[in-house]
Amino acid sequence: AAKDSGRNTYASFTPQMQQHAQTQALLHQELRHAAAEDQLELHYQPILDLRTNRVIQLEALVRWNHPQRGMIRPDLFIALAEKTGIIREIGYWVRQAALQQIKRFLAHGIRMPIAVNLSTAEFFDNELARHIIEQVDASGADPELLVIEITESLFIQNQADTRHFLDQLKEKNIRVALDDFGTGFSSLSYLSAFPVDKLKIDKSFIDRMCGDPRKQALVDSIINLGHALGMRVIAEGVEEQQQKDELARKGCDCIQGYLLSRPLNQAAIEDFLQQH
Ligand code: C2E
Ligand code: MG
Ligand code: MG
Ligand code: MG
């Protein structure tokens, strides 16, 4: 099965292998060097504005191009990176690559915001916002074109720190999106307390949404909640035309998912944007 589906296949490395302690230890060693040795790469998935039918943003998704094991999905190494602290190096690398891509697009006359995922485990001290801002300033990219995706787990951390972190990003005009919304355990009150620009409805609500009145009701309420709080709402994991139509009817702002495109490597996303 490994060879059937072309570039989206991730061969020779499976969750079964990941469970193997020896593999874990080896992987840990290798992961240490991944960022420094240029083995990471970003793929980009387009996000479509349902009103204008235009791509208005990309999400950068990291992959580990392992010299022997091939392309490894983030699901198979981010948790290890978080446990070992290597996530901070990976996070830095990802932002650096995304900022360079923002500038590449600008050089081609394309003003395209790029979202990067931030792990809650990257919070080590109170310096993270300052580090991100310094990184953006050093790159010379427009801060408005960088979107930071956080998850609800951040709200459960020290709230004063989280508040300060988000305020610093806001002051710098760096946008923040709340990823995988609805899957965490945080209270809804956090949503009104913290400045967040975009809400991403988790794929699990979108899956088999059509024909399931209960899921429809949840999606409706998330969209209304987001709008009531002045946020743009993005539906994740949209695979079927019927889901897209239904989300448009519900007033959802944007969609992301295989229906529009899988995450694409740098060359492929540049082609994709030329054609759209
Ligand atoms: P996420 O941030 O929620 O990203 C969306 C994931 O859903 C991506 O998986 C994407 O390929 C997948 N996806 C998008 N549309 C569809 C669809 O229509 N159907 C299906 N079945 N899947 C879809 P990916 O790239 O494997 O990333 C998985 C997760 O790994 C991400 O979830 C994110 O939490 C994490 N991740 C990815 N890149 C980074 C990174 O640079 N830093 C950190 N900390 N985490 C990352
Ligand atoms: Mg994300
Ligand atoms: Mg997500
Ligand atoms: Mg997700």
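It should be emphasised that the depicted structure is a prediction, and the values quoted were computed from it without experimental measurement. One-based numbering along the sequence shown.
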Can you list, pair by pair, the side-chain donor-acceptor contacts under 3.5 Å of residues 83-92, counting residues two or more places apart and other chains?
| unit_1 | atom_1 | unit_2 | atom_2 | d |
| --- | --- | --- | --- | --- |
| T84 | OG1 | L80 | O | 2.8 |
| T84 | OG1 | A81 | O | 3.3 |

Open item on the list: Please tell me whether L118 and L169 are part of a single hydrophobic cluster in this structure, the criterion being side-chain heavy atoms less than 4.5 Å apart.
Closed with: yes
Open item on the list: Around atom CD of E144, are there more than 12 heavy atoms from other residues, nucleotides or ligands closer than 6.0 Å?
Closed with: yes
Open item on the list: Restricting to non-hydrogen atoms, name the atom on L154 and the atom on T120 that form the minimum distance, rounded to 0.1 Å.
Closed with: N-OG1, 3.5 Å
Open item on the list: Holding to ring-ring contact (aromatic ring centres under 6.0 Å, His included), I want the full list of residues that pass it with F272, two or more places apart in sequence or in another chain.
Closed with: H276
Open item on the list: Check this for me, if you would: do R130 and D125 make a salt bridge, where the nitrogen-to-carboxylate-oxygen distance has to be below 4.0 angstrom?
Closed with: no
Task: More than 12 heavy atoms from other groups under 6.0 Å of CD on E171 - done: no
Task: Minimum-distance pair of heavy atoms, taken over all atoms of A98 and I114 - done: O-CD1, 3.8 Å
- [ ] Assess whether salt bridge (Lys or Arg N to Asp or Glu O under 4.0 Å) is satisfied between D220 and K250, documenting all intermediate values.
- [x] CA-CA 7 Å; D220 278 328; K250 292 181 184 309; 3.2 Å; yes
Task: Residues which pass ring-ring contact (aromatic ring centres under 6.0 Å, His included) with H28, listed by chain and number, not counting sequence neighbours - done: none
Task: Donor-acceptor under 3.5 Å (Q243 side chain, I206 main chain) - done: yes
Open item on the list: Can you tell me how the ring of F194 sits relative to the ring of F155, calling it parallel under 30°, perpendicular over 60° and tilted otherwise?
Closed with: parallel
Open item on the list: A quick test of your reading: do over 12 heavy atoms of other residues, nucleotides or ligands sit less than 6.0 Å from NE2 of H164?
Closed with: no
- [ ] For residues A141 and L99, report the shortest heavy-atom separation together with the two atoms involved.
- [x] CB-CD2, 3.8 Å
Task: Check: D253 side chain, I234 main-chain N or O, donor-acceptor pair, under 3.5 Å - done: no
Task: Whether K103 side chain and S139 backbone form a donor-acceptor pair below 3.5 Å - done: yes
TODO: Any chance you could lay out the salt bridge (Lys or Arg N to Asp or Glu O under 4.0 Å) test for K215 and E246, step after step, and finish with the verdict?
DONE: CA-CA 12 Å; K215 277 194 170 171; E246 187 61 46; over 6 Å; no
